[in-house]
Novice: 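Here's a structure for you.
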Amino acid sequence: MLTRKMRHLDSPVPDSTPDQRILAAIRALPCGQVASYGTIARRAGVPGRARLVARLLARNADPGLPWHRVLRADGRIAFPPDSDGFREQCRRLQAEGVVVQRGRVRLPAAEDDLDAALWRPR
DNA sequence: AGTATGACTCATC
DNA sequence: AGATGAGCCATAC
């Protein structure tokens, strides 16, 4: 039986939903590396949908998902500074060696995949 | 159908 | 660097 929804052509595009690709993009973040909601959205093929990323994280129940590596575009933690989420995220990041000061992390200057991957300071 | 609400982002000041 | 307002998109009422 073929899929119920016929594809226009049998396109080689991954048969995945934006949600799945976003989760994949987050899971693809290496330990100690961070990215903004917007960057995750872009990497997942849904540019401009940072809020979708945020919504997914808010609902996520998977304890293995490295949600703490996702920050706002300015490098700040998205939770209110006095919240449990904030503290937990800080703790997890620092446990990975990420420098967090005043709730802020220095994001890779060029959030491009290439630069972020190659420019990583030792 | 209209309004409010976010783990958002960007331009501007 | 902080504040503000507009844009944005999916859900919830």
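Naming convention: chains lettered A, B, ... in sequence-line order (proteins, then strands); numbering from 1 in each chain. These values consider heavy atoms only, across backbone and side chains, with no hydrogens, waters or symmetry-generated copies. The structure displayed is predicted, hence computed values, not measured ones.
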Novice: Which value, rounded to the nearest 0.5 Å, describes the distance between A/Asp74 atom CG and A/Arg104 atom CZ?
Specialist: 6.0 Å
Novice: Look up atom CZ in A/Phe79 and atom NE2 in A/His68, then write down how far apart they are to the nearest 0.5 Å.
Specialist: 12.0 Å
Novice: Work out which heavy atom in A/Val70 is nearest to a heavy atom in A/Gln89; give both atom names and the distance.
Specialist: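 Shortest heavy-atom contact: O-NE2, 3.0 Å.
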Novice: Nearest-nucleotide wise, let me know which of A/Arg76 and A/Arg49 is further upstream toward the 5' end of DNA chain C.
Specialist: A/Arg76
Novice: Any side-chain heavy atom of A/Ile26 sitting closer than 4.5 Å to one from A/Asn60?
Specialist: no
Novice: Could you measure between the two P atoms, the one in B/dA7 and the one in C/dG7, and give it in whole Å?
Specialist: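 Those two atoms are separated by 22 Å.
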Novice: What's A/Arg102 touching, base or sugar-phosphate or nothing? Going by heavy atoms closer than 4.0 Å.
Specialist: nothing
Novice: Does the distance from a Lys or Arg side-chain N to an Asp or Glu carboxylate O, for A/Glu88 and A/Arg92, drop under 4.0 Å?
Specialist: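 A/Arg92 and A/Glu88: salt-bridged.
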Novice: Quick one, give me the B/S/- string for nucleotides 6-13 of chain B, reading 5' to 3', where B means a protein heavy atom under 4.0 Å from the base and S means that only happens at the primed atoms, P, OP1 or OP2.
Specialist: BBBSS---
Novice: Determine, for A/Asp19 against A/Arg59, whether the closest basic-nitrogen to carboxylate-oxygen distance falls under 4.0 angstrom.
Specialist: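 No, no charged N to carboxylate O under 4.0 Å.
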Novice: Closest-nucleotide mapping onto DNA chain C: is A/Arg104 or A/Asp19 further toward the 5' terminus? I mean the 5' end.
Specialist: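 Looking at DNA chain C, the more 5' nearest nucleotide goes with A/Arg104.
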Novice: Could you tell me the separation between the CD atom of A/Gln101 and the P atom of C/dA1, rounded to a whole number of Å?
Specialist: 12 Å
